[in-house]
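Atoms considered below: every heavy atom in the structure, side chains included; atoms not considered: hydrogens, waters and symmetry mates. Quick note on labels: first sequence line is chain A, next is B, and so on, each numbered from 1.
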Amino acid sequence: MTPLDTLHDAIRAATAAVAGEVEVTPESVKLEVPPRAELGDYSTNAPLLLAPRLGAPAREVAQRLAGELAASLGGALERTEVAGPGFLNLYLSDGWYVEALASVLSANERFGAATLKAPRAVDVEFVSANPTGPLHIGHARQAAYGDALSRILAYRGYEVTREYYINDYGSQVTKLGESVRALALGEPVAPDGYHGDYVDGLVPAERARELDLETLAREACDACLALIRASLERFGVRFDVWFSERSLHETGAVERVLDALGARGETYTNDGALWLRTSAHGDDKDRVLVRSSGEHTYFTSDIAYLEDKRSRGYDRLVYVWGADHHGYIARMKAVCGALGGDPDALEIVIQQFVHLLGVEGRTAMSKREGEYVTLDELVDEVGVDAARFFLLARSHDTTVDLDLDLAVRETAENPVYYVQYAHARIASILARAGSDRVAAALVALAPVEPLHASERALLRRLLAFPGELAEAAERRAPHRVASYALELAQEFTAFYRDCHVLGVEPRATESWRLALSLAARRTIARALDLLGVSAPAQM
RNA sequence: GCCCCCGUAGCUCAGCUGGAUAGAGCAUCGGACUUCUAAUCCGAAUGUCGCAGGUUCGAAUCCUGCCGGGGGCACCA
């Protein structure tokens with residue numbers, strides 16, 4: 001139980017007491033932060049919910065609720081105020097704030113973390129770019145997102161597997177092999193082949209001339225994958241599972257799943273092709289599994305892959321896809337149903353595109369022309385921290401405009417540095433105080449002076465952290481953590497401006513502020529870590 | 001034609017399972033450095049929340065239609 005949970009429970013209980021026989025759904029009773037500080041530390045909408053059901057004016061209901069809370073919260077509650085259409089605003093005592101900070105500090109490095117009684121296993125598959133070229137900026141967005149989401153889910157108690165699906169099978173791989181060979185032979189690369197500069201270095205020309213096409217394609221593919229892994233590593237992203245599409249064919253997994261679907265009566269033959277009845281499970285129309293030419297479609301691999309994931313016993317399968325794949329959601333869900341599974345266990349998060357501005361003749365993401373901006377270039381230009389924060393500060397379902405020239409010029413203005421700077425400042429204060437003094441400060445928390453408004457505001461922001469993380473995890477929304485980090489940094493900076501820490505008399509106040517600073521430092525560091533951004537002690 | 005996402009300050013974007021005077025960063029203007037780190041702070045200015053209806057005590061938020069931008073609608077991957 002966090003201090004806010006306790007407060008929220010008290011409000012729910014008081015609401016139930018006022019409601020009497022009248023039904024109120026506990027979830028709709030909110031503990032909120034008022035829009036302006038002078039409206040109180042916290043507020044609740046409960047009177048607005050109760051009023052129509054009790055047939056009484058909201059402001060009158062608020063008075064009754066205030067009475068209940070005064071009794072149950074005792075000294076923690078300084079006073080209440082009824083405001084606006086019938087909000088009840090709560091003003092909490094310094095004593096409540098002291099308890100709250102003690103609670104934050106006792107959670108230590110696990111503040112905001114959650115422990116699930118029955119940990120749910122989640123597989124997060126992301127990036128999964130074809131191993132036929134370097135990663136572009138769209139992949140960068142997916143990499144930053146998938147990794148941050150994984151970090152957040154893990155911190156919130158889930159067992160997370162990060163997975164990359166390697167499309168190392170099929171026509172695109174063959175085309176890559178052909179492109180490499182053409183270059184090695186000094187011949188023109190086919191129009192629909194791969195034309196980027198990187199193609200030349202994948203396999204030594206001499207070797208490329210000797211190998212058979214299949215082996216060459218495989219080696220070129222492996223070389224590409226090595227480049228991709230290196231780029232991701234540099235970006236701070238690591239995967240637990242690298243899953244090969246080719247392996248699904250080599251182990252017979254594809255045939256097995258086709259048999260299984262056939263046995264369930266989910267397939268049929270028409271025009272010489274094998275179809276899956278996806279339309280029976282919510283898709284617009286049925287889909288081809290085996291073409292009349294006898295070749296499997298990529299969709300068939302996807303099904304075998306899904307079945308493999310299902311067999312590994314995850315509670316949840318998260319797929320992170322680009323906006324161009326949204327049309328496949330219905331059929332993947334349908335497959336889940338056709339296999340006898342729960343379509344809701346399969347979750348597909350669509351990442352909108354990154355639209356590149358200001359770089360003449362180049363695009364953010366388009367493939368094959370070899371004219372797109374790569375993840376490596378992005379990192380070269382602005383660095384990992386700025387790139388990740390920039391990409392993570394936006395919701396996944398909004399298209400991002402990226403002006404690379406502007407981004408480079410404004411790297412120094414990236415909000416990430418503001419957050420890191422706040423962290424470095426705190427680190428500096430704590431270092432000056434020395435670890436002994438900081439340790440002593442944690443023993444007896446009790447400011448002598450009344451709390452400054454900035455101290456209260458900073459503490460309220462800290463207390464919001466667990467809730468923000470819960471929202472970010474549930475809504476698959478890492479960008480909320482980025483927003484939070486910035487707000488917390490701003491709140492600390494205001495505290496820094498208003499409340500001197502070192503050498504303040506009386507000594508108990510210095511100790512209190514050291515403790516508050518320590519909690520702020522840990523929380524900023526944690527928020528940044530969950531985004532994959534570093535928290536330097538010096539800048 | 002059908003489906004998905006978006007449209008909020010000059011720019012980039014939060015806020016969207018309904019609440020109080022709609023926010024942040026950048027840019028602009030005016031101030032503050034013998035600092036617990038000025039990569040900072042203070043102040044000013046900036047809005048038909050795309051448009052039109054509807055639901056509601058209350059709508060940026062929910063519903064419908066329209067307009068604009070992006071993406072998708074293969075026996076391609």
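Nucleic acid contact for A:A537: base, since at least one base atom lies under 4.0 Å from a heavy atom of the residue. Among the heavy atoms of the strands, none lies under 4.0 Å from A:V504. Contact annotation for A:E32: no contact, since no heavy-atom pair falls under 4.0 Å across all strands. Residue-level contact check: A:P52 touches neither bases nor backbone, having no heavy atom under 4.0 Å from any strand. Residue A:A323 is in sugar-phosphate contact alone, with no base atom involved, counting any heavy-atom pair closer than 4.0 Å across all strands shown. At a threshold of 4.0 angstrom between heavy atoms, the contacts of A:R513 with the nucleic acid are absent. No contact: A:R287 has no heavy atom under 4.0 Å from any strand. Within the 4.0 angstrom heavy-atom criterion, base atoms lie near A:S292. Contacts of A:S428 with the nucleic acid, taken as non-hydrogen atoms under 4.0 Å apart, include base atoms. Nucleic acid contact for A:D498: none, since no nucleic acid atom lies under 4.0 Å from a heavy atom of the residue. Within 4.0 Å (heavy atoms only), A:D397 reaches sugar-phosphate atoms of the nucleic acid but no base atom. At the heavy-atom level, A:N167 lies nowhere under 4.0 Å from the strands shown. Residue A:E471 is classed as a base contact, given a heavy-atom separation below 4.0 Å to a base. Within 4.0 Å of A:L486, counting heavy atoms only, lie sugar-phosphate atoms of the nucleic acid but no base atom.
In this pair, A:F87 lays its aromatic ring flat on the base of B:A20, centres within 5.5 Å and planes under 30 degrees apart. A distance cut-off of 5.5 Å between ring centres, combined with a plane angle under 30°, leaves A:Y298 outside any stacking arrangement with the base of B:C76.
A straight line from CG of A:L48 to C1' of B:C57 spans 9 Å, rounded to a whole angstrom. To the nearest angstrom, P of B:A20 lies 15 Å from CZ of A:R59. Taking atom CG of residue A:N270 and atom P of nucleotide B:A74, one finds them 17 Å apart after rounding to whole Å.
Nearest to the side-chain atoms of A:S483 among the listed nucleotides B:C5, B:A20, B:A14 stands B:A14.
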